[in-house]
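Here the structure comes first, spelled out in structure tokens, and everything after it is commentary.
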Amino acid sequence: MSYKERVVVLVDMDCFYCQVEEQLDPSLNGKPIAVVQYNTWRGGGIIAVNYPARERGVTRHMRGDEAKEKCPDIILARVPEVRGKADLTKYREAGKRVAEVLQKFTPILERASVDEAYLDITEAAKARILRDCNQLQVENLKNTFVVGYDIQDFLHNVTNNAEYFEDNCRLAMGALIAEEIRAEVFAKTGYKCSAGIAHNKILAKLVCGLHKPNKQTILPHESVPALYEEIPIKKVSGLGGKFGSTLTDQLKISKMSELIKFTEKELVKLFDEKTGKWLYNIARGIDYEQVTPRLISKSIGCCKKFPGKSALTSAESVEHWVNELTSEISERMEKDAQENNRRAKQIVLHFTQTVNERDVSNSRTLPLNSYEQHRIAHICLEALKKILSQARCSSPVERNFNTSKNLEESECSDESIKSNEPATTLIPNSSEELNVLDEWEQNNLDSLKTCPDCKKTILQSEFESHIDYHYALNIVKEEAHLYKRKSIESNTMTRASGESSNHLRNTKRKCGDMKSIEKFLCSDNELNEGNSELCPECNKRIKFEDIISHMDYHTAKKLHLEINQQPSASSISDKTSIKSKNKRKKDVKNMGSIVSFLNNKR
DNA sequence: CATTCTGCAAGC
DNA sequence: GCTTGCAGA
Ligand SMILES: Nc1ncnc2c1ncn2[C@H]1C[C@H](O)[C@@H](COP(=O)(O)OP(=O)(O)OP(=O)(O)O)O1
Ligand SMILES: [Mn+2]
Ligand SMILES: [Mn+2]
């Protein structure tokens, strides 16, 4: 498939945490604001800045005090503190509301962070070109910029010679849909966002930021070389860190356009096969990375740092913070279990200490059989003691802790807790961290039912959505003439389902995030190119004989959404999982004081 | 003394 | 399978 085939959109909320705060307190409207976490030390650390405050020179990473100097009338909103730590719940929930709106436009949606998501709307754009090319007018793309073009000229080209400019025509239609997506996000949530529209993820991400806030940008492929002349290498996703620095230093280049000088062979030789080829393609505006459908996180974690003198120095304090962190984890995991029908099977405990000026970190994957706070805490504390007692103690120095857990891939999930505390006395600058991580298991205790309409055997947990499916299908049959197939990509979530599957950890299987209706439709295994094709709407493999009814299903879903505007709030997901097993023992040196504290205590 | 997250892949 | 490091919001 051509590198110009797809229409990929990256939607990113504008100064997201600030917008969340502005909506909660409308008196902040129009004023310069920033969001800080903690405020006792130099006014707290700034993690989000709204646009009026940016004009005044305030940036992320500044301290609250510094922001006040730059902009005396700035309002500093504070991240809530619960259990003595920052609590990001309200931002996660706001992000979830946004994702629920985006999800109505396509199931090929990948949440990339709390405030952004990639959407592959190739099929929707193609379908709409067949009937709505006349809508590609400036008045329908009022918030759209096109790199390298005046929008008027760009639209003129694609509408007058749609075949010759078919790739740009798809991008233009993608932008029209993106305008609608963004309008819907604002209508449903009150939040403004920006978007990038391009043939791949890397470029969509890159151009989303060119016209913020509340605007969107198209990048036609032929505009890549000129754009790259202006783009520092570190601005491209994946090149913002050490690897990007290696490029600028070793290759003596600074702009993306300079990368094109190198042959694929040279790049493969300089780095490895995978990296070299990737870089060679990126230099030409080519990126084949798929938008991987994923609506919910694979891991749940929390952590706390204890910088400098606040480093934890007693067993009691360590125990206290492990309790606080496991309490938050327990609460969030329980909620996740209700919403997503999955359970973590493992937890990862992680902590770091500062020993002789150097960070030493440890982590252990531990089995998790219960979400009860005290049980999780017990598991973590036992592991912690074991690790520290095996460490060679001699010179007592500093430490800090932190814990975290993660959810697992398709079917599993984890949690993580992070805390960070200094353990011993002495040295003023110390820190530690603890982490916990787990995987999930899905509940297999589903009973079977027979559908009264189609007589198929289905899981109890999928019964409701299965009936919804018949309901929607019937309406479609009656009113199909009102709705063209493939008009707008949209998709509602279905109810949560149980379902079990097997270990899919690390296996690339799209079925992991499938909704129950889709699972029902895709229940046959053994699908291959000889007996099936990929659905243009959802990219799932469908048997030839089922493709017509499968497309009806998509139409039904769209219609159902309009009829019943109540999107059911749960997604499905998961299942199985695995694991348990734990770890090995690694020695850590210089773990003096905390070890003795722990040993003394128990 | 930026902090609190999340995802991915390499290397063992 | 597990730990670690990198990259990003
Ligand atoms: N380094 C960080 N540490 C903690 N939270 C962060 C960090 N970076 C970003 N966040 C949070 C706060 C942001 O509002 C939110 C989304 O990040 P991001 O999209 O990069 O910026 P933003 O939404 O604040 O502004 P922009 O309008 O430029 O997108 O994630
Ligand atoms: Mn943002
Ligand atoms: Mn973002």
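A note on names: the letters A, B, ... follow the listed sequences, proteins ahead of strands, and every chain is numbered from 1.
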(request) Return yes if the base of B:dT3 and the side-chain atoms of A:Q37 contain a donor-acceptor N/O pair under 3.5 Å, otherwise no. (result)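 When only heavy-atom distances are counted, A:Q37 does reach the base of B:dT3 through a donor-acceptor pair under 3.5 Å.
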Distance below 4.0 Å between [X] side-chain N/O and [N] OP1 or OP2:
X	N	value
A:S363	C:dT4	yes
A:R332	B:dT6	yes
A:Y91	C:dA9	no
A:T365	C:dG1	no
A:K205	C:dA9	yes

Distance check needed: [N] [atom2] versus [X] [atom1], whole Å only.
X	N	atom1	atom2	answer
A:F243	B:dC8	CZ	P	19 Å
A:Q290	B:dG7	CD	P	19 Å
A:R83	B:dT3	CZ	P	21 Å
A:I387	C:dT4	CD1	C1'	14 Å
A:K212	C:dA9	NZ	P	11 Å
A:R294	C:dG8	CZ	C1'	13 Å
A:R78	B:dT3	CZ	P	16 Å
A:E289	B:dG7	CD	C1'	11 Å

(message) Would A:V8 and A:Y118 count as a side chain to side chain contact (heavy atoms under 4.5 Å, CB included) here? Give the steps.
(response) CA-CA 7 Å; A:V8 174; A:Y118 291 94; 4.2 Å; yes
So, are [X] and [Y] salt-bridged, with charged N and O less than 4.0 Å apart?
X	Y	value
A:E382	A:K386	no
A:D336	A:R342	yes
A:E116	A:K205	yes
A:K335	A:E339	yes
A:E21	A:K90	yes
A:K235	A:E230	no

Answer with base, sugar-phosphate or nothing: what part of the nucleic acid does [X] contact at a heavy-atom distance below 4.0 Å?
X	answer
A:K234	nothing
A:G44	nothing
A:V236	sugar-phosphate
A:R111	nothing
A:F16	nothing

(message) With the criterion set at under 5.5 Å between ring centres and under 30 degrees between planes, would B:dC1 be stacked on A:W41?
(response)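 So yes, this residue stacks on that base, both cut-offs being met.
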(message) Stem list for DNA chain C, please, built from Watson-Crick and G-U wobble pairs under 3.5 Å and keeping only runs of at least 3.
(response)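 Listed by first number, the stems are B:4-12 with C:1-9.
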Of the nucleotides [options], which one has an atom closest to the side chain of [X]?
X	options	value
A:L88	B:dC5, C:dC6, B:dT6	B:dC5
A:K242	B:dC5, B:dG7, C:dA7	C:dA7
A:I47	C:dG5, B:dG7, B:dT3	B:dT3
A:R92	C:dT4, B:dC1, B:dC5	B:dC5
A:R364	C:dC6, B:dT4, C:dT3	C:dT3
A:P307	B:dC5, B:dT3, C:dC2	B:dT3
A:K305	B:dT4, B:dG7, C:dT3	B:dT4
A:S299	B:dT3, B:dT6, C:dA9	B:dT6
A:K85	C:dA9, C:dC2, B:dC5	B:dC5

(request) Report yes or no: is the cationic atom of A:R284 (NZ for Lys, CZ for Arg) closer than 6.0 Å to the six-membered ring centre of A:Y280, at no more than 45° off its axis? (result)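 Checked: cation-pi criterion met.
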Check the interface with nucleotides 10-12 of chain B: list each N/O to N/O pair with the protein under 3.5 Å, or write none.
none

(request) Check whether the side chains of A:T326 and A:Q373 place a donor and an acceptor atom closer than 3.5 Å, and report yes or no. (result)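 Looking only at side-chain atoms, A:Q373 and A:T326 do form a donor-acceptor pair, the distance falling under 3.5 Å.
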(request) Output yes when a side-chain donor or acceptor of A:E258 lies under 3.5 Å from a complementary backbone atom of A:K255, and no otherwise. (result)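 Looks like yes, one N/O pair under 3.5 Å.
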(request) Look at atom NZ of A:K68 and say whether more than 12 heavy atoms of other residues, nucleotides or ligands are closer to it than 6.0 Å. (result)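 For A:K68, atom NZ is crowded (more than 12 foreign heavy atoms under 6.0 Å).
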(message) Other residues, nucleotides and ligands only: do more than 12 of their heavy atoms fall within 6.0 Å of NZ on A:K212?
(response)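 Counting other residues, nucleotides and ligands, NZ of A:K212 exceeds 12 neighbours.
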